[in-house]
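Here is the structure we will look at.
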Amino acid sequence: MGEETAQLNQLISAPVEVKSIAGEDDVRAIYEFARALPFQAVECLLSAKVCNQCILRLFGISEHLYYVSTLSPWLLSSVFGDFTDSEKQKCTKSKDSKVDSVLCSVCLGILQIIYCYDKELVVNKKSANDLAITIADLIKQEGYQIDGFSLEVSIPPVIQENESSVWLCLKKKFGSELWFQGKSQSECISVKDALKISIIKPLESMLGCKSSISTFHVRLTYSHPVASTAIQNSINKNQGFKRRKTGSGNGLKTVDDDLICSDFSMSDVDVVVERPLESLQANESSESFKFPSKLISKPCQLVFSCYRTHIYFGGRYLKYSRNVSQTRWIVDDERMGEASVEELIGSNILPICHGDSYKFHAAGREDIDVRMLGSGRPFLVEIQNARLMPSEDSVKNIEKHINKMEKKLVGVKNLKMVGSEGWTLMREGESEKQKQYAALVWISRPLKDEDFQCISSLKDMHIMQKTPVRVLHRRSPLAREKIIHWMRLERICGHSQYFLLHLCTQAGTYIKEFVHGDLGRTYPSIGSILDCRAEILQLDVTDVKMDCFLTEEGYPLLQC
């Protein structure tokens, strides 16, 4: 006991640069936890090149796992006290010398903060804090403005296979001993969770915000092509066994129902699955499971990435030109129209967000030669991977800039940032909305006084429309019933055969076809009602009746 106390006091009195940020109580707790572990099991794991971090997490240390990641390699090795001389020579050269890191046969360097970067460059960080510094620097270089973050870690399947290997080998060798009774692999802390515990706290400190459910994500993707190939080859040799699907960090993977193992041994593959676990009792001497080889000397490849989930800007747009399409329209490498609503709005929002790209969504659409007037049409601009979240003043300035552009092609009303629920509200309202139009119409005979009464008397009139001839090349040939809610005619002074038709219809009604009949494919039509030929010359949308992104001009505002 005196020797153990002296060793503990030596650890506690280690220099700050050796202890890192772990306090005396933490070092003491880690030391006492390690000393209470079964000596033979620890020695077995160390001889199989299992790192100290993995040993501690496999035996269930959780409360002080973060501080384990901050200890120097020398101090972490020393807490285990007496183990094999060969391992001791590798891990305890001196307090001041750099410890030669032996790649862990389970985590392949992930918890040792050893990884390959940029293909062949091997990086060996002193602690998880240094990895956190690298991540924080990346976020700052990318220029992200954040108030929280979500950490995601993806590890290769070989790590999980290695974990199962270790656990089953321990079970075979020590399963009859009292200390092992009642233990299960589910009690172990996974490599993924252990890494998160190690780096979340320093990241929170460096970034000045908390880890939580956030729109900003930090992702660490580990891969090991050599190990993954070995596993796949091994599985391919065992296609005759029953398979099941299990969840993993990367989705679903297929493995054999159970695994068995012999004592730790070395081979040139990571995991070889030869028969299910129940066969172990029948033939305990069979070597049916091989543990990772020392030949796998390269750590996992690590790719850092950070991104923000989509943010949305909602509002209503107006289109004043009859030569502007709603979205960018290219036919045979030739642009149709002089511009698009999508580009004129999206290209002005994207720069202030410093995003990668944008997508434009609208509640319905109008033809290129149709103006959008009145209250405007609801739209969303989806910004992908925005670095900055603009202020309300910035958004108002964008709206002013669009509305004051030299060529007054489009306008914007009530532009604002909205949540993802804005998309739901817009889509829900789109199917239920009513639309009002003003159409300039010519008929083949002079307008009569009774025509006004005839048209205005028609309320909630049902019409049947087959897919118009002009869009048959891109839409299914269907017959759709639509409702014309109301109509009225307005004379044009000095022109007896021209008039303005004002009408309110159900969403999705083809107005042009309702006027001229489309060779009888729409019935009834204005032409059939007035018993003459009718042609539409110009069309404007004057109102889209939806409770989403409404303006202050006489409409209640519903925040999305």
Side-chain angles (χ1 to χ4, degrees), residues 316-327 329 336-342 344 362-379 408-411 413 430 433-444 447 451-452 455-456 458 461 463-475 480 482-493 495 497-530 532-546:
R316 291 195 171 218
Y317 77 80
L318 298 100
K319 181 162 75 78
Y320 305 116
S321 170
R322 299 192 188 278
N323 194 31
V324 170
S325 58
Q326 185 188 81
T327 56
W329 187 12
M336 299 290 105
E338 58 181 311
S340 70
V341 176
E342 172 187 46
L344 292 171
R365 63 189 307 123
E366 66 282 329
D367 292 338
I368 189 171
D369 60 346
V370 176
R371 295 187 300 177
M372 180 66 240
L373 306 176
S375 62
R377 185 184 297 277
F379 72 89
K408 199 166 183 63
L409 302 177
V410 301
K413 291 184 177 182
E430 184 179 6
K433 70 177 183 290
Q434 295 180 10
K435 296 166 69 176
Q436 290 183 199
Y437 299 88
L440 176 61
V441 179
W442 171 88
I443 57 175
S444 58
L447 197 62
D451 294 333
F452 289 85
I455 293 297
S456 61
L458 298 172
M461 179 177 66
I463 67 171
M464 188 63 67
Q465 290 194 310
K466 293 182 180 179
T467 302
V469 173
R470 64 186 171 94
V471 297
L472 268 176
H473 65 286
R474 55 187 172 88
R475 295 194 177 174
R480 303 171 180 86
K482 296 296 179 181
I483 301 174
I484 308 299
H485 295 290
W486 56 261
M487 295 182 287
R488 66 179 176 86
L489 303 184
E490 180 183 346
R491 289 184 185 274
I492 297 178
C493 294
H495 299 279
Q497 292 179 255
Y498 293 86
F499 61 86
L500 286 177
L501 171 66
H502 299 276
L503 69 165
C504 176
T505 74
Q506 181 183 354
T509 305
Y510 292 103
I511 304 303
K512 293 177 180 178
E513 283 68 26
F514 172 63
V515 172
H516 59 64
D518 196 27
L519 304 176
R521 297 175 66 84
T522 291
Y523 188 86
S525 64
I526 291 296
S528 67
I529 294 170
L530 297 180
C532 62
R533 179 185 167 195
E535 296 291 345
I536 186 167
L537 304 180
Q538 289 184 346
L539 179 64
D540 293 333
V541 185
T542 56
D543 193 12
V544 177
K545 294 185 176 295
M546 289 176 62

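- Between A363 and M546 the shortest heavy-atom distance is CB-SD, 3.7 Å.
- In this structure, the side-chain hydrogen bond (donor to acceptor under 3.5 Å, both in side chains) partners of Y437, at least two apart in sequence or on a different chain, are K435.
- From Q506, atom CD reaches atom CD1 of I483 across 4.5 Å, with rounding to the nearest 0.5 Å.
- Applying the salt bridge (charged side-chain N to carboxylate O under 4.0 Å, His left out) criterion to K512, with sequence neighbours excluded, gives D367, D369.
- Checking side-chain atoms of R316 against main-chain N and O of G374 turns up no donor-acceptor pair under 3.5 Å.
- For E366, the side-chain hydrogen bond (donor to acceptor under 3.5 Å, both in side chains) partners two or more places apart in sequence, or in a different chain, are Y317, R377.
- Shown here are the ring-ring contact (aromatic ring centres under 6.0 Å, His included) partners of F379, two or more places apart in sequence or in another chain: F360.
- Remark: I463 CD1 to S528 OG distance equals 9.5 Å, nearest 0.5 Å.
- Counting only residues at least two apart or on different chains, no salt bridge (Lys or Arg N to Asp or Glu O under 4.0 Å) pair has a member in residues 498-509.
- Checked options Q436, Q434, M372; the residue passing with V544 is M372 (criterion: side-chain contact (heavy atoms from CB on, under 4.5 Å)).
- Two residues are said to be in side-chain contact when any heavy atoms from C-beta on lie closer than 4.5 Å; I529 and L458 meet this criterion.
- Here the closest heavy-atom approach between residue I368 and residue G337 is recorded as CD1-CA, 3.8 Å.
- What you find for G508 and Q465 is that their closest heavy atoms are O-OE1, 4.5 Å.
- For the pair V370 and I511, the minimum side-chain heavy-atom distance is 4.5 Å or more.
- Side chains of R470 and E513 form a contact here, defined as non-hydrogen atoms less than 4.5 Å apart.
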Could you give the side-chain donor-acceptor pairs of residues 484-492 under 3.5 Å, partners two or more places apart or in another chain?
| unit_1 | atom_1 | unit_2 | atom_2 | d |
| --- | --- | --- | --- | --- |
| H485 | ND1 | D460 | OD1 | 3.0 |
| E490 | OE1 | H502 | NE2 | 2.7 |
| R491 | NH2 | D449 | OD1 | 2.7 |

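- Qualifying side-chain contact (heavy atoms from CB on, under 4.5 Å) partners for S321, counting only residues two or more places apart in sequence or in other chains: N323, V324, E338, L409.
- When the shell of 6.0 Å around OH of Y523 is examined, it contains 12 or fewer heavy atoms from other residues, nucleotides or ligands.
- In this structure, G376 and L318 approach most closely via the heavy-atom pair CA-CG, 4.1 Å.
- Going from atom CD1 of I526 over to atom CD1 of I455 covers 4.0 Å, rounded to the nearest 0.5 Å.
- Residues meeting the side-chain contact (heavy atoms from CB on, under 4.5 Å) test with Q497, sequence neighbours left out: W442.
- Rounding to the nearest 0.5 angstrom, the gap separating the NZ atom in K545 from the NZ atom in K433 is 13.0 Å.
- Here D540 contributes atom CG and L373 contributes atom CG; the two are 4.5 Å apart, rounded to the nearest 0.5 Å.
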Given R371 and R322, is the side chain to side chain contact (heavy atoms under 4.5 Å, CB included) satisfied, shown in steps?
CA-CA 6 Å; R371 295 187 300 177; R322 299 192 188 278; 3.2 Å; yes
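- Under the rule for a side-chain contact (heavy atoms from CB on, under 4.5 Å), the partners of R475 that lie at least two apart in sequence or sit in another chain are T467, V471, Y510.
- Legend: residues meeting side-chain hydrogen bond (donor to acceptor under 3.5 Å, both in side chains) with T327, ordered by chain and number and at least two apart, are R365.
- Taking S325 as the reference, nothing meets the side-chain hydrogen bond (donor to acceptor under 3.5 Å, both in side chains) condition, with sequence neighbours excluded.
- With values rounded to the nearest 0.5 angstrom, T505 atom OG1 is found 9.0 Å from F514 atom CZ.
- With sequence neighbours excluded, the residues satisfying salt bridge (charged side-chain N to carboxylate O under 4.0 Å, His left out) with D518 are R521.
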